[in-house]
Amino acid sequence: MNKIDTFFNKLKAANRTAFIPFISIGDPDIEASFEIAKTLINNGADMIELGFPFSDPMADGKVIQKSYERALKNIISMQDAFDFIKRLKAYRDIPVIFFTYYNPVFVLGHKFANGARNAGVDGVLIVDLPPEESDEFTKYIKKKDIYQIFLLAPTTDIDRMRYILSYAKGFVYYVSVTGVTGARETLSAAIRSKVKEIKKISDIPVGIGFGISTKEQVKEISEYADAVIIGSKIIQFIENNINDKSRILKEIAEFSFNIRSSLS
Amino acid sequence: MKLPDNMGHFGAYGGRYISETLMPAIIELEEFYKKIRKDNSFKKEFNYYLKNYVGRPSPLFYAKRLSDIYKSEIYLKREDLNHTGAHKINNTIGQALLAVKMGKKRIIAETGAGQHGVATATVCALFDLECEIFMGKKDVERQEQNVFRMELLGAHVNPVESGSQTLKDAMNEALRDWIANVKNTYYMIGTVAGPHPYPQIVRDFQSVIGKEILKQIKKLPDIMIACVGGGSNAMGMFYPFIKYDKVKMYGVEAGGLGIKTGMHAASISGGRPGVLHGNKTYLLQDEFGRIKNAHSIAAGLDYPGVGPEHSHFADKKRIIFDSVTDEEAVSAFQMLCKLEGIIPALESAHAIAYLEKIKREIKGKSVIINLSGRGDKDMHTVSDYILSK
């Protein structure tokens with residue numbers, strides 16, 4: 001059984017909503033990002049989403065773009081990313097979602113899938129790989145016990161929702177804004193009803209991400225969703241304190257702890 | 001087999017690699033376009049503007065002095081004589097009509113040198129559409145005049161400061177804008193690339209180039225040559241001739257400082273397959289699948305990818321891809337000025353430069369070159385280049 005399934009089953013039994021933070025591997029450098037990941041885990045992260053820095057992050061807002069640019073200065077290879085994940089898994093065995101654009105995966109093909117499996121990746125979220133084009137990747141991860149995590153957006157209508165949910169495994173990622181990644185102050189009122197629609201079609205867990213940054217938002221989401229994903233807000237702490245690593249860790253620890261405490 | 005297939009694939013290439021947020025808009029566009037491309041009143045309207053606004057058909061000019069030098073029969077398809085000075089307007093007229101029919105009031109577009117931006121701003125003025133152009137900050141600085149031109153036409157130009165601050169980053173930013181404003185916005189892609197159905201839409205609208213040539217010639221040419229950045233002028237000329245097996249086709253990519261230096265924009269000659277900006281195609285990339293910056297003296301060729309249909313025909317060897325350097329392109333640019341009294345765009349000068357590479361092969365044969373644009377925009381670039389030598 002995939003670790004993501006075991007994990008959500010456990011949460012469900014405990015009636016708990018998962019906190020999934022997102023960071024980029026290698027921002028501001030490999031060791032510091034490893035310390036950040038550990039800090040998140042020690043302060044309430046239930047699962048972690050790790051971004052592989054890409055040159056052309058078309059679905060990302062300014063904060064994650066800059067994070068990737070910082071990381072790319074360290075020339076992070078796919079092997080570096082796999083080593084990072086392996087070490088992290090040895091530190092604490094929580095589910096790891098690998099976030100990437102398709103090209104770095106495509107150029108490696110089967111090698112990517114083998115490396116990801118050895119590193120302990122449980123799910124791969126490829127933001128520019130919709131189900132229509134996913135056959136090729138499905139072949140790579142076949143028999144590897146890795147899930148492709150699919151996304152639903154506010155623009156996805158009910159028919160398409162059914163179509164995507166027929167592919168979805170582990171959990172489905174609901175993009176809470178019509179836009180790119182990045183913290184927003186308010187939460188669209190439509191999310192609750194969208195999640196309700198999803199739940200009518202499938203009993204797969206639903207994670208909410210894009211634009212989430214505050215305790216209040218998180219509290220509300222925990223009333224109807226199974227996981228909350230926060231990226232830009234956390235990465236902003238890195239950008240704000242780029243020359244002070246201990247401060248980065250301190251602020252991220254506090255934020256993470258507060259978010260976890262706001263979730264049921 | 002008809003290309004693309006109904007999933008937008010050209011053999012192993014093309015497709016739709018985009019965020020879920022955009023998928024419904026892309027499917028809406030595909031379904032709308034499927035209906036309208038066969039609609040006679042739409043075709044009529046498109047042809048009306050091509051004739052009365054763009055000034056089509058563009059002449060197929062027999063270049064006598066050039067022909068004498070190469071001992072062959074060389075014709076130039078004069079897309080440089082179109083309104084706004086290049087073939088780009090054929091596509092923007094078509095897509096603007098499409099946007100109007102779809103009820104979209106806001107147009108976004110990416111541009112490199114500014115040619116597609118100007119062509120987009122032009123049709124937005126013509127059809128009373130709001131126009132947002134995304135242009136890399138470096139290109140904004142290099143192409144001041146085109147920025148001013150777009151602003152005169154009523155467009156708002158957004159300088160893009162992320163990444164390499166050039167065309168690929170402008171396209172990233174246009175996609176980000178589209179993700180946020182997808183409900184009321186039409187994304188006007190300028191070349192035969194991007195997610196399905198864009199490569200097909202742009203090819204269809206640009207095909208007017210090749211279709212006119214078919215009417216203008218008495219017999220099929222032996223050879224056709226076009227420059228290839230994204231590849232819209234080339235596909236526009238080649239596509240109606242693809243079925244004529246004996247017509248040989250050359251796609252000339254931008255070799256920049258030379259393929260071996262890594263400083264070029266030749267995605268097929270010097271790249272390998274990958275996925276970017278919504279399609280699978282040949283790309284310039286590093287070993288980790290990150291996209292490399294392209295280099296060419298011709299800003300319109302300065303893109304690290306190419307249309308997926310070109311990738312397909314490259315693998316099938318139906319179109320032969322090769323490259324010429326900045327230096328060879330500038331020489332050809334100067335040659336055409338002096339021999340024919342025509343100042344070509346630096347992009348088109350790449351196609352002219354290729355004559356020299358195949359001078360043995362073309363002896364006694366007929367050749368059609370797509371002169372895709374005029375060179376007024378390149379005065380500074382060329383004079384700087386010549387002075388630096």
Side-chain angles (χ1 to χ4, degrees), chain A residues 52-62 65-66 68-69 72 75-81 100-109 112 126-137 150-157 159-161 163-164 172-175 177-182 210, chain B residues 6-9 12 14-28 160-164 168-185 194-196 271-281 283-293 304-305:
Chain A
F52 184 65
F54 186 53
S55 51
D56 295 79
M58 286 144 313
D60 284 298
K62 290 247 161 356
Q65 288 173 43
K66 282 187 198 157
Y68 281 176
E69 281 174 23
L72 284 176
I75 317 173
I76 309 295
S77 69
M78 193 59 86
Q79 194 53 52
D80 293 332
T100 179
Y101 287 79
Y102 189 45
N103 200 46
V105 172
F106 169 72
V107 298
L108 291 173
F112 170 84
I126 307 173
V127 70
D128 55 352
L129 192 67
E132 282 88 344
E133 301 289 351
S134 66
D135 284 1
E136 182 178 60
F137 182 68
F150 286 96
L151 299 110
L152 298 171
T155 50
T156 314
D157 68 16
D159 286 340
R160 189 167 169 80
M161 221 180 234
Y163 168 66
I164 296 171
V172 68
Y173 190 128
Y174 182 73
V175 173
V177 293
T178 307
V180 293
T181 56
F210 278 42
Chain B
N6 54 17
M7 298 297 279
H9 296 125
R16 273 198 281 236
Y17 296 85
I18 48 170
S19 312
E20 178 51 31
T21 311
L22 293 178
M23 280 302 285
I26 277 287
I27 292 168
E28 180 198 359
V160 175
E161 300 191 14
S162 57
S164 62
K168 78 177 175 74
D169 311 281
M171 197 151 180
N172 293 339
E173 204 57 35
L175 281 164
R176 288 179 192 122
D177 180 288
W178 201 28
I179 291 174
N181 300 295
V182 60
K183 281 180 188 134
N184 67 349
T185 298
H196 176 64
R272 61 202 163 95
V275 174
L276 181 73
H277 293 152
N279 57 179
K280 188 181 282 177
T281 193
L283 299 174
L284 302 181
Q285 52 184 320
D286 68 16
E287 57 179 310
F288 308 124
R290 294 186 183 112
I291 309 308
K292 286 208 266 192
N293 294 334

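Convention: sequence-line order gives letters A, B, ...; per-chain numbering from 1. Any value given below was found using the heavy atoms of this structure, including those in side chains, with hydrogens, waters and symmetry copies removed. Since the structure is predicted, the reported quantities are computational estimates derived from the model, not experimental observations.
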Inset, instruction - Could you tell me which portion of A:K66 (side chain, backbone, both or neither) has an atom closer than 4.5 angstrom to a non-hydrogen atom of chain B? - result: neither
Legend entry - A:E133 side-chain N/O to B:R16 backbone N/O, donor-acceptor pair under 3.5 Å: yes
Legend entry - Which of A:T155, A:L129, A:D60 touches chain B most, by non-hydrogen pairs under 4.5 Å: A:T155
Legend entry - 4.5 Å side-chain heavy-atom contact, A:P57 and B:R176: yes
Legend entry - A:I76 versus B:F288, closest heavy-atom pair with distance: O-CD1, 4.4 Å
Legend entry - Top contributor to chain B interface from A:S134, A:G61, A:P154, A:S55 [non-hydrogen pairs under 4.5 Å]: A:S55
Legend entry - Chi angles and distances behind the side-chain contact (heavy atoms from CB on, under 4.5 Å) call for A:E69, B:S162: CA-CA 9 Å; A:E69 281 174 23; B:S162 57; 4.2 Å; yes
Legend entry - Donor-acceptor contact below 3.5 Å, side chain B:R290 vs main chain A:P53: yes
Inset, instruction - Would you mind checking which part of A:Q79 comes under 4.5 Å of any heavy atom in chain B, side chain (CB onward), backbone (N, CA, C, O), both or neither? - result: neither
Inset, instruction - Using the test salt bridge (charged side-chain N to carboxylate O under 4.0 Å, His left out), find all partners of A:D56 that sit at least two apart in sequence or belong to another chain. - result: B:K168
Inset, instruction - Could you point out which residue of B:T21, B:I179, B:L175, B:D177 forms a side chain to side chain contact (heavy atoms under 4.5 Å, CB included) with A:V180? - result: B:I179
Legend entry - B:K280 and A:F106, any side-chain heavy atoms less than 4.5 Å apart: yes
Legend entry - Interface moiety of B:E287 toward chain A, non-hydrogen atoms closer than 4.5 Å: backbone
Legend entry - B:I18, part contacting chain A, at a heavy-atom distance under 4.5 Å: backbone
Legend entry - Options A:V107, A:V175, A:V127, A:N103, ranked by heavy-atom pairs under 4.5 Å with chain B, top entry: A:N103
Legend entry - Residue part contacting chain B, namely of A:I126, when any heavy atom lies under 4.5 Å: neither
Inset, instruction - Tell me, for A:F52 versus chain B, whether the close heavy atoms (under 4.5 Å) come from the side chain, the backbone, both or neither. - result: side chain
Inset, instruction - For the residue pair A:Q65 and B:N172, establish whether any side-chain heavy-atom pair is separated by less than 4.5 Å. - result: no
Inset, instruction - Considering non-hydrogen atoms only, spot the tightest contact between B:M23 and A:P130 and give its length. - result: SD-CG, 4.0 Å
Legend entry - A:E132, part contacting chain B, at a heavy-atom distance under 4.5 Å: both
